[in-house]
Amino acid sequence: MIRIVYILFFLLAGNPLFAQETSPNIIFMIGDGTGLSQITAGMYANGNKTALEGFEVIGLSKTHSANNLVTDSAASGTAMACGVKTFNGVIGINLKNQKAPSILEIASEKGYVSGLIATSSIVHATPASFYAKVTSRKKYEEIARQLSESEVDFFIGGGKKHFVKREDKRNILDEMDSFEFVSRLSEFEKSTSNKLGLFTNMDEPLPIAEGRKPALNDALSAMLNKLDSQPSPFFLMVEGSQIDWGGHANDLNYILTEFRDFDRAIAVALEYIKKNPNTLLVVTADHETGGLGIDSGNIKNFKPRGGFVTRGHTASMVPVFAIGIGAKKYSGIYDNTAIFSKMKEVLD
Ligand code: MG
Ligand code: ZN
């Protein structure tokens with residue numbers, strides 16, 4: 001009798017009429033400030049290998065914003081999340097001053113569950129591009145308020161202070177009735193809540209070299225387990241936020257350690273897509289930071305050395321890596337806004 005129940009269960013679970021698994025999952029990974037030199041340096045420093053070698057399709061993305069050849073993370077985040085070029089510093093609003101729906105919001109409208117992971121605060125420009133509409137990326141408290149009203153179901157990131165230590169004295173977390181908030185990855189894993197946030201820090205999380213927890217691969221594994229256990233398909237954005245901060249600091253070791261953290265998470269995502277082929281995985285950067293050039297190094301241990309041309313961003317095109325459902329669309333050279341429209345085509 002038990003055997004018959006099992007067989008029935010597998011027949012029903014595998015039947016598309018009973019499972020909404022026909023719509024593909026999307027995993028979108030952004031290495032902030034991660035140009036080709038950062039990838040190259042990170043690959044060499046990692047024993048001449050990177051998880052990015054496992055991808056099928058590679059393209060190049062033009063990162064300029066509406067008003068500057070050199071974008072910031074708000075304009076480039078908006079381009080990739082919402083498909084519109086805007087001014088540097090602006091999140092989720094187009095040049096006609098209209099709110100632009102993000103791929104996360106569009107997916108949610110189609111019944112998707114959604115997740116965000118960042119190794120910065122969750123209200124920082126890159127993750128905010130997926131749920132917020134503000135004229136300045138610095139309006140952290142307003143961005144936090146907008147997260148509370150957003151379609152985001154699961155998140156992992158820092159920046160709790162923007163929700164609980166505010167100028168308006170509101171406690172936004174108290175207002176988010178449907179959400180559960182935790183402070184450890186083990187609690188995140190154990191929770192059965194359908195709306196769940198893990199704050200990894202009151203402020204900005206530490207660099208990984210100074211002991212940031214959790215590692216991005218662990219955060220991603222926990223998030224994928226969570227999203228995978230939901231009956232609906234999912235959209236997930238994962239950001240290696242601090243590769244950019246290593247570039248701003250002109251600190252190659254900071255870049256290498258943060259890239260390694262990001263690269264390990266990419267390996268987890270690749271592993272997931274092997275088991276769940278009805279998924280699109282895209283990995284790219286919002287822009288390059290620092291104008292890093294690798295001008296010397298040690299061939300025996302692949303230790304790279306390099307220099308920087310700026311403490312800001314540069315206008316170099318950045319690579320796009322794709323695998324899975326719809327990945328072929330990402331071959332070629334295109335504007336960063338096309339990263340959004342190609343994902344949207346996959347959703348449609
Ligand atoms: Mg960022
Ligand atoms: Zn930056």
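Just follow the structure's listing: the first ligand is 1, and inside any ligand the first atom is 1.
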Practice problem: Given salt bridge (charged side-chain N to carboxylate O under 4.0 Å, His left out), test K190 with E187 step by step and report yes or no. | Solution: CA-CA 5 Å; K190 266 182 230 145; E187 296 168 324; over 6 Å; no
Exercise. Would you mind checking if K110 and D348 are paired as a salt bridge, meaning a charged N to carboxylate O distance below 4.0 Å?
Key: yes
Quiz item: What are the protein N/O/S atoms, named by residue and atom, that sit under 2.8 Å from the Mg ion (ligand 1)?
Solution: D32 OD2, T126 OG1, E239 OE2
Practice problem: Compare all side-chain heavy atoms of D261 with those of T119 and state whether any distance is below 4.5 angstrom. | Solution: yes
Quiz item: Using the benzene-type ring in the case of Trp, are the ring centres of F154 and F234 under 6.0 Å apart?
Solution: no
In a table with atom names and distances, give each donor-acceptor pair under 3.5 Å that connects a side chain of residues 332-339 to protein atoms at least two apart or in another chain.
unit_1, atom_1, unit_2, atom_2, d
Y334, OH, Y330, O, 2.8
D335, OD1, K85, NZ, 3.0
N336, OD1, K85, NZ, 2.8

Quiz prompt | Steps toward side chain to side chain donor-acceptor pair (under 3.5 Å) verdict (T289, H248) | solution = CA-CA 7 Å; T289 304; H248 285 294; 4.7 Å; no
Quiz item: Counting only heavy atoms not in E109, do more than 12 fall under 6.0 Å of its CD?
Solution: no
Practice problem: Mind checking how many protein N/O/S atoms fall short of 2.8 Å from the Zn ion (ligand 2)? | Solution: 4
Name the atoms and distances for all side-chain donor-acceptor pairs under 3.5 Å in residues 295-306, with sequence neighbours left out.
unit_1, atom_1, unit_2, atom_2, d
N298, OD1, K300, N, 2.8
N301, OD1, K303, N, 3.0

Quiz item: Is any side-chain heavy atom of L198 less than 4.5 Å from a side-chain heavy atom of V182?
Solution: yes
